[in-house]
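The chains referred to below are lettered A, B, ... by the order of the sequence lines, with proteins before strands, and numbering in each begins at 1. Because the structure is a prediction, the values reported are computed rather than measured.
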There are 2 protein chains.
Amino acid sequence: MSKPRRRATTHDVAAEAGVSQPTVSLVLSGNPRARVAAATRRRVIEAASRLGYQPNMLARGLVTRRSYALGVVVPDLDNPFFTEVVSGAQRVAVDAGYAVLLCDARGASAADHVTALRGRLVDGIILDAGSAGILSLQSVGDTNVVVVDEPASSWPTVASDAREAGRIAGRLLIELGHRTIAFLGPAIGTHTFRMRERGFVEALREAGLTIDSHHLRRVPASVAGGARGMQALLSMEDAPTACFCVNDLVGIGALKACLSAGVPVPERMSIVGCDDIEMARIVTPELTTVRIPAREMGARAARLLISQIEQDSAPRSDRLLPVKLIERQTTAHAFTDA
Amino acid sequence: MSKPRRRATTHDVAAEAGVSQPTVSLVLSGNPRARVAAATRRRVIEAASRLGYQPNMLARGLVTRRSYALGVVVPDLDNPFFTEVVSGAQRVAVDAGYAVLLCDARGASAADHVTALRGRLVDGIILDAGSAGILSLQSVGDTNVVVVDEPASSWPTVASDAREAGRIAGRLLIELGHRTIAFLGPAIGTHTFRMRERGFVEALREAGLTIDSHHLRRVPASVAGGARGMQALLSMEDAPTACFCVNDLVGIGALKACLSAGVPVPERMSIVGCDDIEMARIVTPELTTVRIPAREMGARAARLLISQIEQDSAPRSDRLLPVKLIERQTTAHAFTDA
DNA sequence: CCTATTAGCTAATACGTATGAGCAAACCGC
DNA sequence: GCGGTTTGCTCATACGTATTAGCTAATAGG
């Protein structure tokens, strides 16, 4: 058994098998129904395995103009929601023979990442909410793109029913008898965040309630932001008895702030988050939330992108993925004081 | 302004600038100190930007045998510890002009991922603990590899001082007056896990203590595992008053189990985790833990790998990264019952 | 048995870049 | 002003694969 100092190429395999290089290419990569005699095919395959041949994807990509790689751009890897999306996407991608190039947009701008990905000739790019807004069609050229959770964009999109998520949260709190309900979320955010807020406000309005403007607090969509927002709410004279948080990180921050301030949850304050990340089950009390199927969204985005690449068709699956209320321990009936 | 239907190549730029293709290559990619007249250089650069030229990394890689891409293989993306490692690595990689191909080893086996990465000619691979064990030198060929947190391997390694982490945890609990101390961790695990356990046991021994074998519970290194392990400990007649958990996920599971069982933490049970993932600050009470510098480990692994690639030298930085006790709210003096 | 067809392979080339060899012009010292 | 050096560029080619066109031998058709 020889130790090949250099990676074996199709030429090496050809020499080993006593055929020409194109024949090797035909056997090993071309349509499996290519017209090659069975005996030849076997010889080639044996020679290839003997030499440990492994195709050079760069060379292949150069001529086919395909890299069998997908780019995934997320705004923040530390947000577990996105790692779930990535995880779902990667599973599908790998099964279909694609590699995944991951970009955390915190480092450089999303546009820079997209440029880098295009340079590597990725066959397509999955852009997660928050990364998509900035980009113009111009900057991605003719690269295939699927956007997650930003349905306003001009690309095919996979999104959850964010408005319904907000409504569900609002209705739950109303049914529990709450009348003074707050909202914590960022001022300018993704389409998804805006729709969650909108659905929530709609649910209140349908019940004949309104939300006081100072109960609608603008905070960053993070644990720290949620904590700050809840502190502010608790210090108000007309403090709310319940709060819908734009995502679970904010909800967890809000919960922490309540506990630190000695406000029992859910007895004195009901909190509803959104996403259902693993942390929601880990905090005590466990966070009531609206589940967004992150992993499935990632998987669906990858499937959509791949079918777009391979069949050159854009199914544009515009159906919104359903969301689901997960009642846990941070919600309870409103405490009637008097 | 013309709309280039096709990606601009160096040939297009050359035509636009009235020079030859190699000149363009010299200006745009070769050593910046290449001998090109200033005027020519300017013309080329202008032509390139006019055409929106973007280098084709595949073609470049084909001739330079470099892809400017690094592979990162992690055992489980859902463990926040690894996303921190990835995050640190990615930051360094992107700054140095490398892209990052991410592989979650849960899907296929680590070896399959490595094969796929090699086919894409990644310049190097970062293997995280748990993925490394299975691989032989053979299967990675001459690809550069850096291993994170598995110092036993034959590749250059970046690792934290796991043994010291265990000792620190042990000493803390001893100083707090605990005498019956348990350990929760997996039976067969990474080198890091084994060393944490070993350091912990050593600390006990130095204080003249031993750990009863039934207080050394083998559980999966997850939240669920930690919860199960703590349930078992609590049901024992000689239940411990403190517990060191092999990582924060286990610690958080243990904490949850205590709270569910009505055992107050830290009054009746002290818990120490390891890693210091964000969740540790989020649970209530906040988890005392030993901080492992995950992000820095990722960054260092990337730097090590890149220097190995570019200078063809392997600094083998074998120094272990320091760990640090983070005392929070899950540890307290042992309760003297009688 | 001769021709039209097809099966099975190979020769040639393209993909877009980098790079060593080579060539013309400018420049230098004396 | 002449040999030698340096500057600034281009020619040719290689990287490893896929693919089109074409060639030979076998096969079918009559």
field: Value rounded to 0.5 Å, distance of CG in A:Leu28 from OG1 in A:Thr23
entry: 10.5 Å

query: Rounded to the nearest 0.5 Å, what separation is found between the CG atom of A:Leu127 and the CG atom of A:Asp149?
result: 12.5 Å

All N/O contacts under 3.5 Å from nucleotides 16-19 of chain D to the protein, with atom names and distances to one decimal?
unit_1 : atom_1 : unit_2  : atom_2 : d
D:dG16 : OP1    : B:Arg65 : NH2    : 2.5
D:dT17 : OP1    : A:Tyr53 : OH     : 2.8
D:dT17 : OP1    : A:Asn56 : N      : 3.3
D:dT17 : OP2    : A:Thr10 : N      : 2.5
D:dT17 : OP2    : A:Thr10 : OG1    : 2.9
D:dA18 : OP1    : A:Ser29 : OG     : 2.9
D:dA18 : OP1    : A:Arg60 : NE     : 2.6
D:dA18 : OP1    : A:Arg60 : NH2    : 3.3
D:dA18 : OP2    : A:Ser25 : OG     : 2.6
D:dA18 : OP2    : A:Ser29 : OG     : 3.0
D:dA18 : N7     : A:Gln21 : NE2    : 3.4
D:dA18 : N6     : A:Gln21 : OE1    : 3.2

I need the [atom1]-[atom2] distance between [X] and [N], as an integer number of Å.
X       : N      : atom1 : atom2 : value
B:Arg41 : D:dC9  : CZ    : C1'   : 13 Å
B:Arg35 : D:dT10 : CZ    : P     : 14 Å
B:Arg43 : D:dG8  : CZ    : C1'   : 12 Å

- prompt: Charged N to carboxylate O below 4.0 Å: is that the case for A:Asp123 and A:Arg65?
  reply: no

message: Under a plain distance cut-off of 3.5 Å, with no hydrogens placed, do B:Ser29 and B:Arg60 share a side-chain donor-acceptor pair?
response: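 There is no such pair (donor and acceptor under 3.5 Å, judged by atom type) between the side chains of B:Arg60 and B:Ser29.
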
message: Could you check whether B:Arg295 and B:Ser87, counting side-chain N and O atoms only, form a donor-acceptor pair closer than 3.5 Å?
response: yes

